[in-house]
Amino acid sequence: QVQLVESGGGLVQSGGSLTLSCAASGFSLGHYAIGWFRQAPGEEREGVSCISFGAISAWYADSVKGRFTISRDSAENTMYLQMNTLKPEDTAVYYCAVSRAYTSCSVHFPWDYWGQGTQVTVSS
């Protein structure tokens, strides 16, 4: 069964850190571009960070540059989003996604598979 299972969300204080994990099963992440997205209450889902196949390039939203890092562990078939210096405005449901034909870190791009989402809440 093809799945992306997310974990690592939770409640943290402003300035704290969290690492989100997205474990793939039924396929290899090595053949896909990967991305992280988030959706805050009342807001549209937006791209946070995406990286192309083979880690040729990575894209970060301006709001998270210097604080978040996207990565992939081929041996574990898992993708990660390391989030540092968290701010209350980072509060959202975070989703992972993968694509075999990545061109844009946008929800309007036809991503192949999505994770179930994990809640990140940052208190002030």
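Everything numeric in this text was worked out from a predicted model, so none of it was measured.
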All pairs passing salt bridge (charged side-chain N to carboxylate O under 4.0 Å, His left out) where residues 73-92 contributes a residue, at least two apart: R38-D90, R67-D90
Pairs where residues 12-22 contributes a residue and the test salt bridge (charged side-chain N to carboxylate O under 4.0 Å, His left out) is met, not counting sequence neighbours: none
For F37, all residues meeting ring pair (Phe, Tyr, Trp, His ring centres under 6.0 Å), sequence neighbours excluded: W111, W114
S28 backbone acceptor or donor facing N77 side chain under 3.5 Å: no
Selection residues 9-31 - residue pairs positive for ring-ring contact (aromatic ring centres under 6.0 Å, His included), sequence neighbours left out: F27-Y32, F27-Y113
Side chain to side chain, Q119 and Y94, heavy atoms closer than 4.5 Å: no
Side chain S21, main chain S7, donor-acceptor under 3.5 Å: no
V93 side chain reached by T118 side chain, heavy atoms, under 4.5 Å: no
Heavy-atom donor-acceptor pair, S49 side chain to W59 backbone, under 3.5 Å: yes
Transitive ILVMFWY side-chain link V2 to V5, under 4.5 Å: no
Distance, nearest 0.5 Å, that separates CG of L18 from CG of L81: 9.5 Å
Heavy-atom donor-acceptor pair, T91 side chain to V122 backbone, under 3.5 Å: yes
Set of side-chain hydrogen bond (donor to acceptor under 3.5 Å, both in side chains) partners for D112, sequence neighbours left out: none
With sequence neighbours excluded, residues passing side-chain hydrogen bond (donor to acceptor under 3.5 Å, both in side chains) with S104: none
Stacked cation flag R72 on Y80, 6.0 angstrom / 45 deg: no
Q1 side chain vs G26 backbone, donor-acceptor pair below 3.5 Å: no
Exam field: side chain Q82 to backbone F68, donor-acceptor pair closer than 3.5 Å: no
